Amino acid sequence: MTRYGKWASKDFLNFSVRYRCTVDESSEVVRQRREKAKALADQGVELYPNDFKVSHSVEDVRKHIGKKDTAADDSTFFAMAGRIVGLRSFGRAAFLHFKDYTGQLQAYVKKDEVGEDAYELFKQVDIGDFIGIKGTIFQTKTGEWTLLAKGICLLCKAVRPLPEKFHGLRDPEKRYRQRYLDLIMNPGVRDIFINRARIIRAFRDYLLEQGFLEVETPMMQPIPGGAEATPFKTFHNALGMELFLRIAPELYLKRLVIGGVDRVFEINRNFRNEGVSSRHNPEFTMLEFYAAYATYDDLMNFTEEMFRFVTQRVFGATHFTYQGMNIDLDGPWRRLTLKEALSDLGGIDSSLFNDRKRLLDFAESKGIHITKKGRRGKILTKLFDVLVEPKLTEPTFITGYPVEISPLARRSSSDPDMTERFELFIGGYEIANGFSELNDPIDQKKRFLDQAKNREEGDEEAHYMDEDYLLALEYGMPPTAGEGIGVDRFVMLLTDAPSIREVILFPLLKNISY
RNA sequence: GGGCCGUUAACUCAGUCGGUAGAGUAUCUGCCUUUUAAGCAGAGAGUCGCGCGUUCGAGCCGCGCACGGCCCA
């Protein structure tokens, strides 16, 4: 058996078994629909034509209706297209609802209007098919504006039925795997992704307005840097080169600051080889930006302003509720040091902070198992994650992060063990992380060496040594502050989504299982 | 990684004590030219996630696996 033989045959087996179960030749509904499609084709009907010209969208028609003098006998002619989402047939006439991107409209198809032949064909279309309809609008008895079909044609035959009209598609697994069905059946889903796009656009507009340049830096990096996280590995065949999907764009953006781009940002995907949960997807969207001559303190103020701008622009208010929590973005936001938060909100006696052993005992007593042996900073942040983070519902900046867990941040001028760094929490989620940048190449080298030691001691998330970045730093980086914002989580907050999967169109799921 | 829950018709869900597999929607047939969760009459539709076990007999009980959800780590 070849090296791949076992896997190949196993995968093939899995695939074929599942294929048989899922692509249901046995499903009566699908079989019937295929037969209908074939019957239509046999009658000379083209099942997938592309020559229908649309003159108006549903939204166009709504606007037309909204005009003051649209009369019941309006004679404007519309050529419209969409997917049939409801159908009520009466033998020689039928009402249907069809949907395009802009909305949904009722149409009335009468044998008298479209002719006998066309009506015979129409009787063979199903919910889920795309159709083109030409006609005029009128109001029904109940006052609903309706397209009276003068002509109708099939634009695309669907051979699988849509989910049930009343309950829609509920099964979360199917919703994510077949997001197209989710989008067709559950209107709120579309709104989330429309709002997501608006939020990202508002961030972009704000930063552009402030003189930032938008860039794209490598997704595939020879040395993954800019965060403490486990990367995905890949390989470039022609170059014979190991590469990593980026865990952050940080070191490249800072190279650009060195290159004279004083204000720079990127909105793009990061990849972290970690567990999946309601707040973690292995690929997620990060907004990262850097401003020369700014400090972490400036960025906190900047972040408040930017968040208020985005929220106001997209939702018309700066307060909202997230999962029942009232969250108000009006400033100024609370600022606490890590230690203050741990003692005031976490209930940890401050005398424990410098005693690693007692900290570990305390963690154990709270049922918090610390897997990362070693560094005190890691223990503190772990305790913070469990005891404090969930309590930070109102926007809160946490500052005072120790150097050992902030290898890229500038030391605090007043306390060399601390960094000029903050993290932002809203709704119990970590939303942003920013700091004054470390631009002393000698200190940076020392920090990398410390990290390398941690890596040798088994910390897979420790930062890699990056000589090329040190080289860049030696050419001089101006005093700079930078920040990363977790876009998905911010979208979660603003769309009241309980899981990150609700704001990512195609969240990562394990292989096939329909 | 651990715990709990789920997986039954295309979809949403019932399924009692272990004893022939159910409903609504969708589909099919018939009637119906202003309905809108259209209506009326009838019909078809299932590898009960997968495997093994217990049992005369398993959708149901036990074990294992897969996928998903929630919580914890």
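Protein chains get the first letters and strands the later ones, always in sequence-line order, with residue 1 at the start of each. The shown structure was predicted, so the numbers you read here are calculated from the model rather than taken from an experiment.
- The partner of B/C4 is B/G69, by the rule that a Watson-Crick or G-U pair needs both atom distances under 3.5 Å.
- Distance check on atom C1': B/C5 versus B/G57 gives 29 Å, rounded to whole Å.
- Base-pair partner of B/G57: not found among the strands shown (Watson-Crick or G-U wobble, both distances under 3.5 Å).
- Heavy atoms of A/Asp112 sit under 4.0 angstrom from at least one base atom.
- When each of B/A26, B/U34, B/A73 is scored by its nearest atom to the side-chain atoms of A/Val386, the top-ranked nucleotide is B/A73.
- Nucleotides B/C48 and B/A58 are separated by 12 Å at their P atoms, to the nearest Å.
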Q | A/Leu154 vs A/Phe52, side chain to side chain contact (heavy atoms under 4.5 Å, CB included): CA-CA, chis, key distance, verdict | A | CA-CA 9 Å; A/Leu154 180 68; A/Phe52 185 84; over 6 Å; no
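- Taking 3.5 Å as the limit, the base of B/U34 and the side chain of A/Glu144 contain no donor-acceptor pair of atoms between them.
- In the set B/A37, B/C32, B/C67, the nucleotide with an atom closest to the side chain of A/Lys165 is B/A37.
- When both pairing distances are held under 3.5 Å, B/C63 makes a Watson-Crick or G-U pair with B/G51.
- Rounding to whole angstrom units, CD of residue A/Gln32 and C1' of B/A26 are separated by 10 Å.
- Across every strand in view, B/C31 sits in a pair with B/G39 that passes the Watson-Crick or G-U test at under 3.5 angstrom.
- With distances taken from any side-chain atom of A/Asp126 to the nucleotides B/C28, B/U12, B/A38, the minimum falls on B/C28.
- The phosphate of B/U34 has neither OP1 nor OP2 within less than 4.0 Å of any side-chain N or O from A/Lys110.
- Here the nucleotide nearest the side chain of A/Pro172, chosen from B/U33, B/C11, B/G69, is B/G69.
- Interatomic distance, A/Asp488 CG to A/Ile431 CD1, rounded to the nearest 0.5 Å: 10.0 Å.
- Using a 4.0 Å heavy-atom distance criterion, A/Gly168 is classed as a sugar-phosphate-only contact.
- Outside the 6.0 Å centre-distance limit, the rings of A/Phe435 and A/Tyr401 are not counted as a close aromatic pair.
- A/Asn281 and A/Arg501 form no side-chain donor-acceptor contact under 3.5 Å, judged by distance and modelled atom types alone.
- Residue-to-nucleotide proximity on RNA chain B shows that, of A/Arg170 and A/Ser277, the 5′-proximal contact is made by A/Arg170.
- B/C11 sits 31 Å from B/G3 when the C1' atoms are compared, rounded to a whole Å.
- Between A/Lys141 and A/Ser89, it is A/Lys141 whose nearest contact on RNA chain B lies nearer the 5' terminus.
- Counting to the nearest Å, the P atom of B/C40 and the CZ atom of A/Phe90 are 13 Å from each other.
- A donor-acceptor pair is defined here as one N or O able to donate and one able to accept, closer than 3.5 Å; such a pair exists between the side chain of A/Ser55 and the backbone of A/Ala79.
- Atom C1' of B/G62 sits at a distance of 39 Å from the matching atom of B/U27, rounded to the whole Å.
- Taking only side-chain nitrogens and oxygens, A/Arg175 never comes nearer than 4.0 Å to OP1 or OP2 of B/G69.
- The CG atom of A/Leu105 sits 17 Å away from the P atom of B/U35 (whole-angstrom rounding).
- Remark: A/Met80 CE to A/Phe98 CZ distance equals 4.0 Å, nearest 0.5 Å.
- Here A/Tyr108 lies in heavy-atom contact (under 4.0 Å) with a base.
- Here, B/U7 and B/G59 have their P atoms 15 Å apart, quoted to the whole Å.
- Closest approach to the A/Leu509 side chain among B/U12, B/A45, B/G68 is made by B/G68 (side chain taken as heavy atoms from C-beta onward).
- Within the nucleic acid shown, A/Lys36 comes within 4.0 Å of sugar-phosphate atoms alone, with no base atom in reach, counting heavy atoms only.
- B/C5 atom C1' lies 14 Å from atom CG of A/Asp171, rounded to whole Å.
- Listed nucleotides B/C28, B/G69, B/U12 differ in distance to A/Glu164; the shortest reach to its side chain belongs to B/U12.
- A/Lys123 has no side-chain polar atom (N or O) that falls below the 4.0 Å cut-off from OP1 or OP2 of B/U33.
- By the 5.5 angstrom centroid cut-off and the 30-degree plane limit, A/Phe95 is classified as stacked against the base of B/U35.
- Nucleotide B/U20: unpaired (no Watson-Crick or G-U wobble partner with both distances less than 3.5 Å).
- Atom CD in A/Gln124 sits about 13 Å away from atom C1' in B/C28, given to the nearest Å.
- The base of B/U35 sits within donor-acceptor range of the side chain of A/Arg88, with an N or O pair under 3.5 Å.
- Remark: the A/Asn270 side chain and the A/Glu283 side chain contain no N/O donor-acceptor pair separated by less than 3.5 Å.
- For A/Arg34 and B/U27, the CZ to P distance is 17 Å, given to the nearest whole Å.
- B/G44 sits 32 Å from B/C17 when the C1' atoms are compared, rounded to a whole Å.
- Taking side-chain N and O atoms only, A/Lys174 has a distance below 4.0 Å to OP1 or OP2 of B/C11.
- For A/Phe271 and A/Phe244, the distance between ring centers is not under 6.0 angstrom.
- Atom CZ in A/Arg92 sits about 9 Å away from atom C1' in B/C31, given to the nearest Å.
- One C1' atom belongs to B/A9, the other to B/U47, and the distance between them is 13 Å to the nearest Å.
- In this pair, A/His64 and A/Phe78 present their aromatic rings perpendicular. The plane angle is above 60°, beyond the 30 to 60° band.
- When the C1' atom is used for both B/C60 and B/U16, the distance is 11 Å, rounded to whole Å.
- Nucleotide B/A10 is matched to B/U25 when pairs are restricted to Watson-Crick or G-U wobble geometry with both distances under 3.5 angstrom.
- Straight-line distance from the CD1 atom of A/Ile500 to the P atom of B/G69: 13 Å, rounded to whole Å.
- Residue A/Val29 has its side chain nearest to B/A10 when only B/A10, B/U34, B/C28 are considered.
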